[in-house]
Amino acid sequence: MAGRMSTNAAALAELIRPASGTADPGIHRILPVLPELGGLLPGRGLRRGSTVAIAGGHPGAAGGHTSLMLALLAAASQAGSWCAVAGLPALGVLAAAELGIALDRLALVPHPGPEWPTVVAALLDGVDVVVVAVPGGVSAAVTARLAARARQRGAVLVPYGPWTGADVTLQISHGAWEGLGRGRGRLRRRRVTVAASGRGAAARGKELTVWLPAARPGHRAVPAGAPATARVAAAPPAAPPAAAAAPAAAASAGAAGDSS
């Protein structure tokens with residue numbers, strides 16, 4: 001099954017690369033991110049060939065990391081880049097759409113299997129941004145090999161979980177929901193504090209407080225050092241969520257057909 005999955009991922013990558021125009025990754029070395037998140041990243045975007053880890057994608061971490069991951073992909077997806085998410089079977093496409101992901105350029109590999117590094121390497125060959133849920137206990141050799149593959153192919157690798165040697169690591173240190181009144185109301189959005197650390201240009205740590213979801217007009221980041229009253233006033237009331245777009249492309253479709 002793992003061999004079939006990697007073959008399917010490789011075939012998908014071959015289809016996507018000409019469609020997304022990444023054969024020459026030097027044309028656009030920085031993929032855009034939402035303005036709310038730009039201050040956390042060198043160059044205010046996702047640099048091709050880099051590894052940007054979401055460190056909190058593991059049990060016991062503060063909540064909101066899945067929303068942070070989707071928000072990180074949103075602007076690049078809207079600008080025409082293909083994104084893939086591997087190893088997150090519970091990821092909801094409706095949530096992805098509400099955070100701005102273009103579902104017709106989203107590939108899902110819910111169960112990459114024990115040979116997940118091979119599947120991820122195949123996706124990096126043709127997909128602009130590849131998210132992988134880290135199963136835990138990843139060796140330094142595997143992290144180095146996948147990071148080198150991302151650099152070679154001009155893709156952005158986004159490990160979702162603990163990852164050694166990432167260029168930038170993002171982690172939510174605190175979060176609070178908004179929307180519930182005294183016994184009534186709906187959870188609408190979450191105010192989170194995101195810390196960024198890394199190496200090179202990201203060696204000097206940064207921290208911002210942002211709203212998630214953050215893709216709707218009018219939502220913007222607020223510096224973490226601002227007074228609490230200023231933080232709350234900076235984000236206007238949430239607008240009704242937009243309708244979801246077309247169903248996402250599923251990279252595992254071929255594997256599912258083989259198992260039927």
Side-chain angles (χ1 to χ4, degrees), residues 9-10 12-55 57 68-87 96 99-102 104-109 116-134 138 142-161 163-170 194 196-204 206 215 249 251:
L12 177 70
E14 288 301 316
L15 290 173
I16 290 174
R17 180 162 289 279
S20 61
T22 57
D24 183 2
I27 296 176
H28 303 290
R29 291 302 302 174
I30 303 291
L31 299 179
V33 298
L34 296 173
E36 294 86 349
L37 301 177
L40 295 169
L41 301 168
R44 302 190 66 82
L46 296 172
R47 179 175 55 83
R48 287 190 180 276
S50 67
T51 299
V52 180
I54 308 292
L68 175 61
M69 178 268 289
L70 292 173
L72 190 66
L73 307 185
S77 175
Q78 293 167 8
S81 294
W82 270 82
C83 302
V85 179
L99 278 163
I101 303 294
D104 57 349
R105 289 188 295 274
L106 174 65
L108 302 178
V109 187
W116 65 268
T118 302
V119 175
V120 172
L123 289 170
L124 288 169
D125 283 347
V127 181
D128 299 299
V129 186
V130 178
V131 177
V132 55
V134 181
V138 183
V142 170
T143 61
R145 177 162 61 89
L146 291 179
R149 189 65 161 260
R151 287 193 301 271
Q152 178 188 18
R153 303 302 290 177
V156 180
L157 175 63
V158 182
Y160 185 74
W163 192 268
T164 302
D167 296 295
V168 182
T169 298
L170 303 178
V194 184
S197 59
R199 54 186 185 176
R204 185 176 181 179
K206 298 180 180 179

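Side chains are part of it too, since the values below use all heavy atoms of this structure and drop only hydrogens, waters and symmetry mates.
Between the OG atom in Ser197 and the CG atom in Asp167 there is a gap of 11.5 Å [rounded to 0.5 Å]. Between Met69 atom CE and Ile101 atom CD1 the span is 8.0 Å, to the nearest 0.5 Å. Between Leu170 atom CG and Leu37 atom CG the span is 7.5 Å, to the nearest 0.5 Å. Separating the SG atom in Cys83 from the CG atom in Leu108 is a distance of 10.5 Å, to the nearest 0.5 Å. Here the CG-CG distance, from Leu40 to Leu68, works out to 8.5 Å after rounding to the nearest 0.5 Å. The CG atom of Leu123 sits 10.5 Å away from atom CG of Leu146, with the distance rounded to the nearest 0.5 Å.
Take Ala166 and apply the side chain to side chain contact (heavy atoms under 4.5 Å, CB included) test, not counting sequence neighbours, and it matches Thr51, Ala53, Trp163, Thr169. With sequence neighbours excluded, the residues that form a side chain to side chain donor-acceptor pair (under 3.5 Å) with Arg149 are Asp125.
Annotation for Ile30 and Gly43: closest pair CG2-O, 4.0 Å, computed over non-hydrogen atoms. Nearest approach of Leu157 to Ala150, heavy atoms of both residues: CB-CB, 4.1 Å. The nearest pair of heavy atoms linking Ala133 to Gly87 is CB-O, 3.3 Å. Val127 and Ala84 make their closest contact through CG1-N, 3.7 Å (heavy atoms, listed as atom of the first residue, atom of the second, distance). Contact between Ala196 and Val168 at its shortest, heavy atoms only, is CB-CG1, 4.5 Å. Shown here for Val130 and Val120, the closest heavy-atom pair between the two residues is CG1-CG1, 4.1 Å.
Between Pro117 and the choices Val132, Val138, Thr143, Val142, the side chain to side chain contact (heavy atoms under 4.5 Å, CB included) rule is met once, by Val142.
Arg29 places a side-chain N or O within 3.5 Å of a backbone atom of Arg48 that can act as its donor or acceptor partner. In this structure, the side chain of Arg199 engages the main chain of Gly165 through a donor-acceptor pair within 3.5 Å.
Side-chain contact between Ser81 and Arg105: absent, with no pair of heavy atoms (C-beta onward) separated by less than 4.5 Å. Inter-residue side-chain proximity for Leu46 and Val158 is flagged as unmet; no heavy-atom pair is nearer than 4.5 Å.
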- Any chance you could lay out the side chain to side chain contact (heavy atoms under 4.5 Å, CB included) test for Ser50 and Val52, step after step, and finish with the verdict? CA-CA 6 Å; Ser50 67; Val52 180; 4.0 Å; yes
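Open room surrounds CZ on Arg44; 12 or fewer heavy atoms of other groups in view lie less than 6.0 Å from it.
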